[in-house]
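Atom set for the values below is all heavy atoms of this structure, side chains included, hydrogens, waters and symmetry mates excluded.
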Amino acid sequence: MNVTEDKLKEFGFDKHIAVNEVSMRMIFGASESLLCFNTVQFKDYSKIVAIGQDVEAKARRIKEVFPVDCQKAFDMGVRFATNTQYRTNAT
């Protein structure tokens, strides 16, 4: 997500995500979300006009937090692959 954690709630995205999770639980029996905040859209922000973007904060986050987010995504994939609550009854 390009937004910060603060903006998530301010824009009401948290409510949309919660509704999506409930819908997925109703259909598939289990659901979870992984949110990654303040992501980058450009390799080099010096080449664009990025009004309202804290480029330094994005750079810090990609260095410090993104590897943790990647590990969380990997762990989520392991749970999906090994936990029967994430499997459908399809054969």
Side-chain angles (χ1 to χ4, degrees):
M1 303 181 76
N2 188 38
V3 299
T4 62
E5 291 160 280
D6 295 338
K7 294 290 183 185
L8 172 86
K9 289 186 179 182
E10 182 180 325
F11 295 149
F13 293 154
D14 57 331
K15 293 176 179 61
H16 294 284
I17 292 165
V19 168
N20 287 339
E21 286 182 349
V22 168
S23 298
M24 293 297 104
R25 270 190 227 106
M26 290 172 61
I27 296 168
F28 298 110
S31 175
E32 62 180 279
S33 297
L34 174 63
L35 307 179
C36 301
F37 298 98
N38 208 14
T39 56
V40 296
Q41 284 69 49
F42 309 101
K43 288 183 181 183
D44 188 351
Y45 275 82
S46 69
K47 295 181 180 180
I48 63 153
V49 177
I51 298 170
Q53 300 293 321
D54 185 343
V55 177
E56 290 80 23
K58 284 184 176 290
R60 279 191 311 275
R61 187 158 184 106
I62 199 76
K63 182 179 179 184
E64 298 169 3
V65 179
F66 185 66
V68 175
D69 288 340
C70 289
Q71 184 62 52
K72 288 178 183 177
F74 179 85
D75 295 342
M76 179 186 277
V78 170
R79 282 193 305 280
F80 289 169
T82 60
N83 192 328
T84 57
Q85 81 177 28
Y86 292 105
R87 297 186 191 148
T88 63
N89 290 331
T91 57

Practice task
Verify, without hydrogens or angle tests, whether Thr39 (side chain) and Met1 (backbone) share a donor-acceptor contact under 3.5 angstrom.
Solution key: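 Such a contact is found between Thr39 side chain and Met1 backbone.
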
Exercise for the section: Would you indicate whether the side-chain heavy atoms of Asn2 and Lys58 approach each other to under 4.5 Å? Expected result: yes

Quick check: is [Y] connected to [X] through a chain of hydrophobic side chains (ILVMFWY, heavy atoms under 4.5 Å apart)?
X: Phe74; Y: Leu34; answer: no
X: Phe66; Y: Val55; answer: yes
X: Met76; Y: Val65; answer: no

Exercise for the section: Search all heavy atoms of Phe37 against all heavy atoms of Glu5 and return the closest pair with its distance. Expected result: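 Heavy atoms of Phe37 and Glu5 come nearest at CD1-CG, 3.2 Å.
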
Problem - Asp44: partners by side chain to side chain contact (heavy atoms under 4.5 Å, CB included), with sequence neighbours left out - result: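 Counting only residues at least two positions away or on another chain, Asp44 forms a side chain to side chain contact (heavy atoms under 4.5 Å, CB included) with Ser46, Lys47.
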
Fill in the blank from the handout: For Phe13, the ring-ring contact (aromatic ring centres under 6.0 Å, His included) test, sequence neighbours excluded, returns Phe11

Problem - side-chain contact (heavy atoms from CB on, under 4.5 Å) partner of Val68, the single match among Lys72, Gln71, Glu64 - result: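 Going through the options one by one, the only one that passes is Lys72.
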
Separation of [Y] [atom2] from [X] [atom1] (nearest 0.5 Å):
X: Ile17; Y: Leu35; atom1: CD1; atom2: CG; result: 4.5 Å
X: Tyr45; Y: Gln53; atom1: OH; atom2: CD; result: 5.5 Å
X: Arg60; Y: Asn38; atom1: CZ; atom2: CG; result: 9.5 Å

Handout entry: Listed once per pair and sorted, the side chain to side chain donor-acceptor pair (under 3.5 Å) pairs that draw on residues 17-32, sequence neighbours left out
Key =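 Matches after skipping sequence neighbours: Glu21-Ser33, Glu32-Arg79, Glu32-Tyr86.
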
